[in-house]
Amino acid sequence: MNKIRFDELPLSPEVQRAIADMGFEEASPIQTEAIPVVLAGRDIIGQAQTGTGKTAAFGIPTIESIDENDRSVQALILCPTRELAIQVAGEIQKLIKYKPGISIVPIYGGQAYDRQLRALKQGVQIVIGTPGRVMDHIERGTLKLDKIKKIILDEADEMLDMGFRDDIEFVLSKMPEERQTIFFSATMSKPIMDLTKRYQTDPVIVKVVHKELTVTNIDQVYFEVRNSMKQEVLSRILDMHNMKSVIIFCNTKRMVDELVTNLQARGYFADALHGDLNQNQRSNVMGKFRNATLEILVATDVAARGLDVDNVEAVFNYDLPQDEEAYVHRIGRTGRAGKSGRAFSFVSGRSDMYKLKDIMRYTKANIQLQQVPTYDDVNELRTSVYLEKVREVLEKGNLTKHITKIESLVNEEYTSLEIAAALLKMSLKEAKTKEAGKEAEKGMGGPKAGFDRLFITIGKKDRVHPKDLIDLLSQNADIPASKVGDIDLYDKFSFVEVPTEYTADILQKVGRIEVDGRTVIVEKSQKKEGEAGGGREDFGFGDRDRGGDRGGKRFGGGDRGGFGDRDRGGFGGDRDRGPRREGGGSGYGGGGSRFGGRGDRDSFRGGDRRSSGGDRGGFRKKRF
């Protein structure tokens, strides 16, 4: 069926603005069919399941019919349970955000009468309540029905199943003759049809009918996840499968933006696609996604319409869609041209389970429940992926030079299996250090203008002092010591800022260097100047180590007069909060150098930087 955008409906600017704030762009099928009919004042029977957007289907036109200058009750909404009454009231409250002249009140059993009486006495135009409590207020004379223009029965079939028929008929019998009567029900049972014959006038039946559709070449699974855990579970699945081309669907623009911000903060290359983007922005985002510089596209259904991208590895339903057809359109972005694809859905709460059952019935697919992967599961699968890459290298051959080096260790009575295990351990440890460094860098902001930030795989636990890092760069590359900028020390790694003109030379000469029998790696960070979130750097393999080296000590440098605090002159910017380890230790060589070099090291301003700042010159050890 053809859906319509909310901005195409004849709604007031205040309601349009509220809908935009909620992040919705396009009406669901039941909203598309029902809103124009209700706005026209016709009685209606709407057949819709929970979670299809039916609250807005009757709530929006109800709000538009309210006279804000009249404080009488003008609309009554009956719900089977207090939970649903509260939920409906919450949704309508969002829709009247910019209509301060409209007041609502939910009335239900289990809540003190005093609060409800006070609200009714002050004057409200919309009442949302359960049949029993509404009937009590009518009998007490505290709920006046003479000015009511609309009555809505939400989930009418459930109210009848719960034994509220007499209560419903009592309420309907007290309503004015001139009124609009609206029923929403999941089924069209005989009791429902009997009610419509007695209390409605020439009702319009709105029933969204789907054509059958089957999806066969896509592996579909779902996870039962609390809303608060969705972002964490998403990250685990992305890491576990090492995906490089993914589309994630959310129901609102606000959720798209929130998720993109979170993914970028976690180091993924992600961007948003929704209705607020102009054509140039949209084209830019899609261009990056097509040429694989963008790994993750987070989109709304409206914005993703017409997408034609090959080789999408997986689709995530971060929010389940409001109707079954949208689900099929979403997952159809993967598994194209005869290829297989994956679809992951997050299910949160009872309403999502109802939606999922409807989706399975519609698609004739058996969508399997999967357990949320643990960190051990993630690491196990990623180790398997890594070993698969090793197999590819072995199959390609051309390893003669490397075999010769390994033979020297075999001659020292190590077995080839032990050597392979040691190399694997070193590789995983190196990758994990890089991932921890990427995680720590997220809160740092970008480097200064004209500078690049270098990542170095040694830190405080290696008894490294800022002076040692300056020696490492200045004695093995062409950068003068005085040109080295800010330094951030962490337990197992460090960040050093250098002028951009020296970066290429440093990476060429010091990219991988031997220090005291261990390999030290120097790489350029990809974080740009002024960037707050950062994209994911391809540091290779390993867990993102989200609890990693977050504490570091910053030292100012460059041509600004030595290692002074940026504001006060001494050592500053201490991010650690653990116990002090007195003194700088011997560092990497103290007065001399263990890094080797090309001759005498360059002098730097401010003398020995260890003494700068008096007794504050020691390191602080990070506690975890």
Side-chain angles (χ1 to χ4, degrees), residues 38 41 43-44 54-56 58-97 99-185 195-196 198-201:
V38 180
D43 286 2
I44 184 173
K54 59 184 173 57
T55 301
F58 61 75
I60 290 172
T62 297
I63 291 166
E64 295 289 34
S65 69
I66 298 297
D67 180 358
E68 296 184 45
N69 297 316
D70 184 353
R71 303 296 294 179
S72 303
V73 177
Q74 300 171 44
L76 174 62
I77 303 170
L78 294 181
C79 302
T81 65
R82 64 179 181 180
E83 289 79 14
L84 184 59
I86 293 169
Q87 180 182 323
V88 170
E91 290 298 304
I92 292 180
Q93 191 69 52
K94 294 175 187 175
L95 290 167
I96 61 172
K97 180 178 180 180
K99 281 185 171 284
I102 298 180
S103 298
I104 69 170
V105 63
I107 58 176
Y108 48 84
Q111 185 186 54
Y113 275 95
D114 292 348
R115 181 183 302 177
Q116 298 171 6
L117 292 171
R118 189 162 53 249
L120 291 170
K121 188 175 181 180
Q122 289 174 349
V124 295
Q125 291 103 331
I126 302 175
V127 172
I128 306 104
T130 53
R133 183 55 66 96
V134 167
M135 188 171 72
D136 286 347
H137 279 286
I138 294 173
E139 290 177 331
R140 287 167 176 252
T142 52
L143 176 58
K144 307 292 185 183
L145 304 180
D146 54 304
K147 296 285 189 71
I148 282 188
K149 296 182 284 187
K150 277 183 174 50
I151 180 167
I152 300 105
L153 274 65
D154 189 12
E155 297 194 7
D157 53 345
E158 189 166 338
M159 280 192 278
L160 293 180
D161 291 342
M162 294 171 68
F164 286 127
R165 183 182 184 113
D166 290 343
D167 295 359
I168 292 171
E169 294 207 35
F170 173 84
V171 173
L172 288 170
S173 68
K174 300 296 182 181
M175 296 288 293
E177 285 293 324
E178 293 294 323
R179 67 171 189 271
Q180 185 179 15
T181 306
I182 299 164
F183 285 7
F184 273 89
S185 173
L195 278 181
T196 65
R198 291 185 61 185
Y199 297 104
Q200 287 188 303
T201 303

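Here the structure is a predicted model, which means the values were calculated and not measured.
Considering CD1 of I148 and CD1 of I126, their distance stands at 11.0 Å, rounded to 0.5 Å. Separating the CZ atom in R71 from the CD1 atom in I102 is a distance of 9.5 Å, to the nearest 0.5 Å. Note that CG of D43 is 7.5 Å distant from CD1 of I182, once rounded to the nearest 0.5 Å. Atom NZ of K97 and atom CD1 of I63 lie 13.5 Å apart (nearest 0.5 Å). In this structure, CD1 in I151 is found 9.0 Å from CD1 in I168, a value given to the nearest 0.5 Å. The CG atom of L84 sits 8.0 Å away from atom CD of E158, with the distance rounded to the nearest 0.5 Å.
Two residues are said to be in side-chain contact when any heavy atoms from C-beta on lie closer than 4.5 Å; M175 and Y199 fail this criterion. The closest side-chain heavy-atom distance from I138 to F170 is below 4.5 Å. Side-chain contact check for K150 versus V38: some heavy-atom pair is nearer than 4.5 Å. Side-chain atoms of C79 and I128, non-hydrogen and from C-beta on, do get closer than 4.5 Å to each other. Side-chain atoms of Q111 and R82, non-hydrogen and from C-beta on, never get closer than 4.5 Å to each other. Residues K174 and M135 form no side-chain contact, since every pair of their non-hydrogen atoms from C-beta on lies 4.5 Å or further apart.
Between M159 and D154, the shortest heavy-atom contact is CE-O, 3.3 Å. The nearest pair of heavy atoms linking I66 to T62 is CG1-O, 3.3 Å. When all heavy atoms are compared, the tightest approach of Q125 to S103 is OE1-N, 2.8 Å. Across all non-hydrogen atoms, the minimal contact from L195 to L160 is CD1-CD2, 3.9 Å. Closest of all the heavy-atom pairs between A119 and V105 is CB-CG2, 3.7 Å. Taking each heavy atom of V124 and L120 in turn, the nearest pair found is CG2-CD2, 4.0 Å.
Looking at S185, its side chain never comes within 3.5 Å of a backbone N or O of A156 through a donor-acceptor pair. Using modelled atom types, one side-chain atom of Q200 and one backbone atom of I44 make a donor-acceptor pair closer than 3.5 Å. A donor-acceptor pair under 3.5 Å is absent between the side-chain atoms of R115 and the main chain of A112, judged by distance alone. Here the side chain of K149 pairs a donor or acceptor atom with the backbone of S65 at under 3.5 angstrom.
Applying the side chain to side chain contact (heavy atoms under 4.5 Å, CB included) test to I86 and every residue at least two apart in sequence or in another chain returns Y108.
Counting heavy atoms of neighbouring residues, nucleotides and ligands inside a 6.0 Å radius, atom NZ of K99 exceeds 12 of them.
A donor atom on one side chain and an acceptor atom on the other are found under 3.5 Å apart for Q116 and R133.
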